[in-house]
There are 2 protein chains.
Amino acid sequence: MKHDVSPDSIPPRGHEAKRASIMDAAGEVFCRESFAGANIDMIAAEAGVSRQTIYNHHGDKEKLFVAIVRDLTERCNAGIFATISTFPDQPKDLEADLIAFAVRMNRNCICNRDGKFLRKLIQTEGERYPELFAEWREQGPGRTWPAIAARFARLAHAGFLDIEDPDVAARQFLALANAELQTTFMLGGTPTDDEVLQSATHGVRTFLRAFGKRQPADAQKHSALAGA
Amino acid sequence: MKHDVSPDSIPPRGHEAKRASIMDAAGEVFCRESFAGANIDMIAAEAGVSRQTIYNHHGDKEKLFVAIVRDLTERCNAGIFATISTFPDQPKDLEADLIAFAVRMNRNCICNRDGKFLRKLIQTEGERYPELFAEWREQGPGRTWPAIAARFARLAHAGFLDIEDPDVAARQFLALANAELQTTFMLGGTPTDDEVLQSATHGVRTFLRAFGKRQPADAQKHSALAGA
DNA sequence: ATAAATTTAGACAGCCTTGTCTAATCCGTC
DNA sequence: GACGGATTAGACAAGGCTGTCTAAATTTAT
């Protein structure tokens, strides 16, 4: 049941490097062991830092935890907005462009290290820190979903899609893009690039069957026949 | 941070009643506090039982935990199969029947007490008990998804739907039905009946836009216009 | 009513964890 | 090379938790 205690390769140099190293290790350990199951010695060992240094930097276990969550929330949101800015507003190939967008979203925001950690911490500790995670909810889904919805609304307005409610469509787009990754997410796994692509491809195809224009300007070239 | 310690209403009578009471309380506490955060005294208090009785029944904390997970997995699977058996094979009103099915699935299997607890335990402790949750994966999604897919395949074969890959369609059906409940689930909340209905309605409409027959035998009566 | 089985409260040892303290050491800078 | 801040190992007290044990009380079956 005990985990390896070898310091994470190179001992970090400098004050800030130590801070970063602690944040990294703490995210990892809190995520793997849950708040109650994690202990400071584990984090110190994994960060290649002494226990006292952690107390010097963060005060106590709970403050450290809160710092981790805020940090992850911030970084994840930044990633999501960066990815949203790559939304295909003037698609050349709607299906291919949306698939690529869905893959970017998954790979850079959902399946990556930060995304995985934040998701797990929210699921595991969400009920114990209502205000902290309410903050995440407002800053996260509360801001990203409308942003995505706005992009879909623009795409619909430009005649590429046939959408009544862009908010619903945005949520469904994300749900479809992830539909085949749910079980993996549940168990804390990281899907392979291929699984991400598969899920995105199937999801976007279904999305376009539902919301694509029936007879677009240039006839729908990419039917459900295209190979994987 | 301490939780209420009042025994859960009536002290139970009889050996089996105590066993059940312990299982109930343990599920609740493990789910709320995580395995590491839960302690036997909490569970004993919540079950209205002495600590020693728990040890008499289950040996130790880990065995108790495993018993809870197996119990929840079994009950949830039973519920899911029971619900699958109500799948509308001969729908009178395809949209309404699928919405009702999606609502049943959510209310009876996903949002209910057992479903919520099992989901949380999988998310929280899945990585720590790989074999235990692999078992769940095989018995759960591994058996329920194909069962649902088979029903959709039958519906497609009977001419009600236009589906190439029933497995993909089944996963997407579930993903769409839950699309608007994700954030609530993440934070451990329980959606209201109305939220469940909304999500199912929107999800099924999108599903039918994607997979419904364009010109079915009797013309599509229920377009995307129907009120909530 | 009596006997057997179960449950109970409480005490207990052993262990782990948090957070503090100290004295020695490291590191970059002047 | 000497200084000052940061870091380190290690010891430490206080407290929490698990799992065991006991003797008494309670329940159930006979």
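This one's a predicted model, so the numbers in the text were calculated from it and none came from an experiment. The sequence lines fix the lettering, A, B, ..., with proteins before strands; numbering per chain opens at 1.
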Rounding to a whole Å, what distance do you find between B/Ile54:CD1 and D/dC17:C1'? 13 Å

Taking atom types as modelled, is there a side-chain donor on B/Asn56 or B/Gln52 under 3.5 Å from an acceptor on the other? yes

If you fit an axis to the five pairs at each end of the helix from C/dA1-D/dT30 to C/dC30-D/dG1, how big is the angle between those two axes, to 10 degrees? 30°

Report the residues that fulfil side-chain hydrogen bond (donor to acceptor under 3.5 Å, both in side chains) with A/Glu127, sequence neighbours left out, ordered by chain and then residue number. B/Lys120

Could you tell me whether A/Ala38 contacts a base, only the sugar-phosphate backbone, or nothing, with contacts defined as non-hydrogen atoms closer than 4.0 Å? sugar-phosphate

Rounding to an integer number of Å, can you tell me how far A/Glu33 CD sits from C/dC16 P? 15 Å

Output for pair (A/Glu33 CD, B/Glu125 CD), nearest 0.5 Å, gives 9.5 Å

Least distance between heavy atoms, B/Gly189 atom then B/Pro191 atom: O-CD, 3.9 Å

Give the rounded distance in Å between these two atoms: NE2 of B/His58 and P of D/dT18. 15 Å

Of all heavy-atom pairs linking A/Leu121 and A/Phe133, the shortest is O-CZ, 3.8 Å

List for me each residue that meets side-chain contact (heavy atoms from CB on, under 4.5 Å) alongside A/Pro141, sequence neighbours excluded, and say none if there are none. A/Trp136, A/Trp145, B/Thr183

For each nucleotide in nucleotides 3-10 of chain C, reading 5' to 3', give B when a protein heavy atom comes within less than 4.0 Å of its base, S when such contact involves only the sugar-phosphate, and - otherwise. ---SBBS-

Within the 3.5 Å criterion, strictly below it, is a donor on B/Gln182 or B/Asn178 matched to an acceptor on the partner's side chain? no

Quick one: B/Glu16 CD to D/dT27 P, roughly how many Å, whole number? 18 Å

Atom NZ of B/Lys61 and atom P of C/dC16: how far apart are they, to the nearest Å? 14 Å

Figure out the CG/P separation between A/Asn39 and C/dC15, and round it to whole Å. 17 Å

Summary of ring pair (Phe, Tyr, Trp, His ring centres under 6.0 Å) pairs that have at least one residue in residues 179-202 of chain A, sequence neighbours excluded: none

Not counting sequence neighbours, list each pair that qualifies as a ring pair (Phe, Tyr, Trp, His ring centres under 6.0 Å) and has a residue in residues 105-127 of chain B. none

Quick one: A/Phe65 CZ to C/dT18 P, roughly how many Å, whole number? 14 Å

Nearest-Å distance for atom pair CD1/P, residues A/Ile40 and C/dT20: 11 Å

